[in-house]
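Here is the structure we will look at, set down as structure tokens.
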Amino acid sequence: MEKTYNPSAIEGTWYKTWEEKGYFAPSGEGTPYSIMIPPPNVTGSLHMGHAFQDSIMDAFIRYKRMKGFNTLWQVGTDHAGIATQMVVERKIMAEEGKTRHDYGREAFTDKIWEWKEESGGTITSQLRRLGASVDWETERFTMDDGFYKAVQEVFIRLYEDGLIYRGKRLVNWDPKLHTAISDLEVESQEKQGNMWYLRYPLADGETTGEGKDYIVVATTRPETMLGDTGVAVNPEDPRYKNLIGKDIILPLVGRRIPIVGDEHADMEKGTGCVKITPAHDFNDNEVGKRCGLPMINIMTLNGDIRDQAEAFNMDGSVNADIDTTIPEQFRGLERFEARKQIVAAFEEAGLLVKIDDHTLMVPYGDRSGVVIEPLLTDQWFVRTAPLAKEAIRAVEDGDIQFVPKQYENMYFSWMRDIQDWCISRQLWWGHRIPAWYDNSGKVYVGRNEAEVREKNGLGADVELRQDNDVLDTWFSSGLWTFGTQGWPEQTERLKTFHPTDVLVTGFDIIFFWVARMIMMTMHFIKDENGKPQVPFKYVYVTGLIRDENGVKMSKTKGNVLDPLDMIDGIDLEDLVEKRTGNMMQPQLAQKIEKQTRKTYPEGITPHGTDALRYTLYSLASTGRDINWDMKRLEGNRNFCNKIWNAANYVLMMTEGKDCGQGGVDVELTLADKWIISELQRVEAQVAKNMDDFRLDHASQNLYDFIWNEYCAWYLELSKPVLWDENASEERKRGTRRTLVRVLESICRILHPFMPYITEEIWQQIKPLAGVEGDTIMLAAYPVADESKIDAQAESDITWLKGFITGIRNIRAEMNLGPNKPLDVILRNTSEEDLRRLEENSSFLISLAKLSNLTALKSDEEAPMSATQLVGEMEVLVPMADLIDKDKEIARLGKEVEKLQKEVARFEGKLSNEKFVSSAPAAVIEKERTKLADAQTALKKMEEQMAAIKAL
RNA sequence: AGGCGGUUAGCUCAGUUGGUUAGAGCGUUACGUUGACAUCGUAGAGGUCACCAGUUCGAAUCUGGUACCGCCUACCA
């Protein structure tokens, strides 16, 4: 082994070996265990969220694989409709100055496939760097042929079940990308805007209750007034209720529109009158439906004002009765320009009452960044209510459990008032909707044109054209758990690995993806009894990883940390370049550069995959957000280094020596029995914490055991045995065997968390430990053996540690160097103390650096000494000339003070009648013991102090 | 506005049915390069568990309220 730990030297080769040897594939034996990776966007690159989730999945997978399960970690990528289309559009624009329309649909999608072949593997290659043991052999892509089959089948069956319909409805329209998007792709942002108060004159000489011949409406979007088809007032409102059924002459347009009574108008808010634009506002659309108002669309797909409006009835049919003329001056205006012009026109006409400042939430497209427009378009929808019902039940009944549980609330609240899902997207990249239209606009759904013709008896003379739209990307990813396993065929894989065991994902896509997977899966996949099958039994929800200041990482803020940079390291200049190069808003570059130079003056040093993963586990607690801490990462790199050096020591002590592999006689020391016992405990703890999804606890258990017990104590305890020329061969052999066997077990327990370093060390030590196997990946995971738990050994070692620490304490307090050999005298020794002394004097002399160790007989006087207590036994270091009297008095004084406080506290507790009468006996007994111990210690310390003072 | 979550050492985080003398990593103080490891060792310091009230013999833990922070949903005509 190399002298120093160098992660890059060991991490490169092992992954390649594992992959080539096919260790990641399901074994085909044992109980099935499966996880489906949330398919990353094929255009994406690995970020901290991926690293976090994928590390967690890998720990579970490696753990179960070692436990002998038939383990599948399904890998794949998502075709990410809009994102991918945009990437390739930008590319052809940059390289050839062409748009996708220059290419045409077919050639453009070919171009995307070409891109995917060349560049679509970025994220999967990065996944390899993390050590992810996914089954590469069966990698899927949501646009591959098999997946398309599943998507098509689902669409057709839902259509046949009456759960998919087409309609002209208001949707969130992205005027830049020219597509509908779902509610979830809309981000509301708070903006400073205005509220315009507009005067609408009443027709036919009518007046309000207050005698005015007009009413005033307030709006944040005055440009939509061109499409107003009514004004709503509250039916109870005394000011206006007499006007219900009367008309208004819509200013600028001159259209006569009715005043309707509707609950939506709140008497308390604004003026109490609401302009109703059913084609451009979701609430107005509802009012329009209730009051029978028509819809007038005034915008183009760009969000510009149309030359002529379009009028529809609520059922989507064309309304030919309405004059759709738009005043000439507004035609073709961009929407925000139109707003200015309309307001100006109102002002000119004397109809602008006032303009208030107003803070409002404005919807933006999360991809395009432009303001989303509610727009009337023809779209396909999934009727979600019936699907949601089953999906809610599955979580209510515990068939699916969220970890942590509070996310179930979030899920329920969304599912309870779920809206129909708009699944059509006006894109070219994606699963094209399997629907055809004839010239009359009648729609036929089928697997292909031939099938449609045959099923519907359409001759060759009937012209058919396929729907131009594609399906929402989440429609296909909703089928991920079963679509990847060969459905609609009833494959062996599907039977074996579905339902999957656990889904690991972030809370931000519970609605986007998790809920939809549950709905889709439960509708299509049934068990042998016809009961809907869940896609997964647990949903493990992770929090967001934020930067060191708790700020969400984003490119525009320039605070993104690349997991690979933490693995490989990156120098400052490269990091600055990475964060400031290729920015959408170059004006931020300077600020980002400054901040980066301040936070990472030395860049980022390499830490290796194992340290990164371990840090992620140690922070993986309750699904809440995490503020990334680079220091913690360094701490874990040090932990790797510690393990490396411990292995180095073990090898030095065992290589080429008899380690008792052959079953020959060995003698186990107290230290051996103790560390073996502790090993069983940590094995049990880790097993429990893995079952409870508490990777932070599991990693803490291992850290404690390996560093604070195995390295800090056991390795030290092994030295006096192995360096003792007089020790028996059985004894040395026993120690060597324990050293190497425990290390070998440590490697196996740790492997799911730190795959690389454990494999590397394991390969070195397996022959010494008498273990066989090609890889630690497939070695058996250690299971705690109750019979090896040795309470006697544990308490003896606790005593031993107390003894040694006591001596070290005196050394530190008295400024005695660690190497000065000390004579130690023991007083007030019990039988037990003497036994322990007898058995462990060599450990004590060696670890505490003693020159002599003697127990005082009851009638012997001790010289003046510094004192430490181990239980009731007094450990005395004779003062002679080497102890500073004042210092010792001060030290004892501190002890006495502490003990006095303790005694007082316990006495207080025990003298409380109510405590004694109502607390459980065990608790009282415990308190009594504590009191007695504290009193004894106090007495001894006081005596000692008095003796020294009297000197 | 409603819902959920958070507030524990200087920083990042644990704390599992109330019995704790509240823990870890990093940082910090002092000392120390003896033969696994200075990416280290040894010994320390550091917290009235946001605040108030209640339940209880006993509260970081349970209940109610307050403050601040975060997220989600809705509204803002």
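Order of the sequence lines fixes the chain letters, A, B, ..., with proteins taken first and strands second; residue numbering starts at 1 for each chain.
A/Lys719 has a side-chain polar atom (N or O) that falls below the 4.0 Å cut-off from OP1 or OP2 of B/rA36.
Comparing the P positions of B/rA45 and B/rA30 gives an interatomic distance of 15 Å, to the nearest angstrom. A gap of 22 Å separates the P atoms of B/rA53 and B/rA22, to the nearest Å. Between B/rA59 and B/rC51, the distance separating the two C1' atoms is 15 Å to the nearest Å. Taking atom C1' on both nucleotides, B/rG47 is separated from B/rG23 by 11 Å, rounded to a whole Å. Taking atom P in both B/rG54 and B/rU17, one finds a spacing of 25 Å when rounded to whole Å. For the C1' atoms, the distance linking B/rU21 with B/rA60 amounts to 15 Å, nearest Å. Nucleotides B/rU66 and B/rG6 are separated by 16 Å at their C1' atoms, to the nearest Å. Nucleotides B/rG19 and B/rG27 are separated by 33 Å at their C1' atoms, to the nearest Å.
By the ring-ring contact (aromatic ring centres under 6.0 Å, His included) test, A/Tyr649 pairs with no residue at all, sequence neighbours left out. Judged as a side chain to side chain contact (heavy atoms under 4.5 Å, CB included), and not counting sequence neighbours, the contacts of A/Ala646 are A/Cys711, A/Leu715. Qualifying side-chain hydrogen bond (donor to acceptor under 3.5 Å, both in side chains) partners for A/Tyr200, counting only residues two or more places apart in sequence or in other chains: A/Asp228. Residues satisfying the side-chain hydrogen bond (donor to acceptor under 3.5 Å, both in side chains) test with A/Ser8, not counting sequence neighbours, are A/Asn6. A/Asp281 meets the side chain to side chain contact (heavy atoms under 4.5 Å, CB included) test with A/Asn283, A/Asp284; sequence neighbours excluded.
Between the side chains of A/Tyr5 and A/Glu760, no donor N or O sits under 3.5 Å from an acceptor N or O. A donor-acceptor contact closer than 3.5 angstrom is absent between the side chains of A/Asn638 and A/Glu634.
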>> How would you summarise protein contacts on nucleotides 24-33 of chain B per nucleotide, using B for base, S for sugar-phosphate only and - for none, with heavy-atom distances below 4.0 Å?
In response: SBS-------
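Nearest nucleotide to the A/Asn641 side chain, out of B/rC37, B/rC57, B/rU21: B/rC37.
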Polar atom pairs (N or O), protein with nucleotides 74-76 of chain B, under 3.5 Å:
| from | atom 1 | to | atom 2 | distance (Å) |
| --- | --- | --- | --- | --- |
| B/rC75 | O2' | A/Lys269 | NZ | 3.2 |
| B/rC76 | OP2 | A/Asn283 | ND2 | 3.3 |
| B/rC76 | O2' | A/His358 | NE2 | 3.2 |

Identify all pairs in which a protein N or O lies below 3.5 Å from an N or O of nucleotides 58-64 of chain B, and state each distance.
none

Taking only nitrogen or oxygen atoms into account, show me every contact under 3.5 Å that the protein makes with nucleotides 1-6 of chain B, one pair per line with its distance.
| from | atom 1 | to | atom 2 | distance (Å) |
| --- | --- | --- | --- | --- |
| B/rG6 | O3' | A/Arg624 | NH1 | 3.0 |

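For the pair A/Ile643 CD1 and B/rU39 C1', the computed distance is 13 Å after rounding to whole Å. With rounding to whole Å, A/Asp625 atom CG is found 12 Å from B/rC69 atom C1'.
Scanning all heavy atoms of the two residues, the minimum distance from A/Leu293 to A/Pro258 falls at CD2-CG, 3.7 Å.
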Check residues 216-224 of chain A and write down every donor-acceptor pair under 3.5 Å in which the side-chain atom is one partner and the other belongs to a residue at least two apart or another chain.
| from | atom 1 | to | atom 2 | distance (Å) |
| --- | --- | --- | --- | --- |
| A/Thr219 | OG1 | A/Arg221 | N | 2.9 |
| A/Arg221 | NE | A/Glu223 | OE2 | 3.3 |
| A/Arg221 | NH1 | A/Glu373 | OE2 | 3.0 |
| A/Arg221 | NH2 | A/Glu223 | OE2 | 3.4 |
| A/Arg221 | NH2 | A/Glu373 | OE1 | 3.4 |
| A/Arg221 | NH2 | A/Glu373 | OE2 | 2.3 |
| A/Glu223 | OE1 | A/Arg339 | NE | 2.9 |
| A/Glu223 | OE2 | A/Arg339 | NH2 | 3.0 |
| A/Thr224 | OG1 | A/Arg221 | O | 2.9 |
| A/Thr224 | OG1 | A/Lys275 | NZ | 2.6 |

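The strand RNA chain B forms stems, runs of 3 or more Watson-Crick or G-U wobble pairs with distances below 3.5 Å, at B:1-7 with B:67-73, B:10-13 with B:23-26, B:28-32 with B:40-44, B:50-54 with B:62-66.
The stretch residues 710-717 of chain A touches RNA chain B through A/Cys711, A/Leu715, A/Glu716, each having a heavy atom under 4.0 angstrom from the strand.
Classified by interplanar angle (parallel below 30°, tilted 30° to 60°, perpendicular above 60°), the ring pair A/Phe511/A/Trp414 is parallel.
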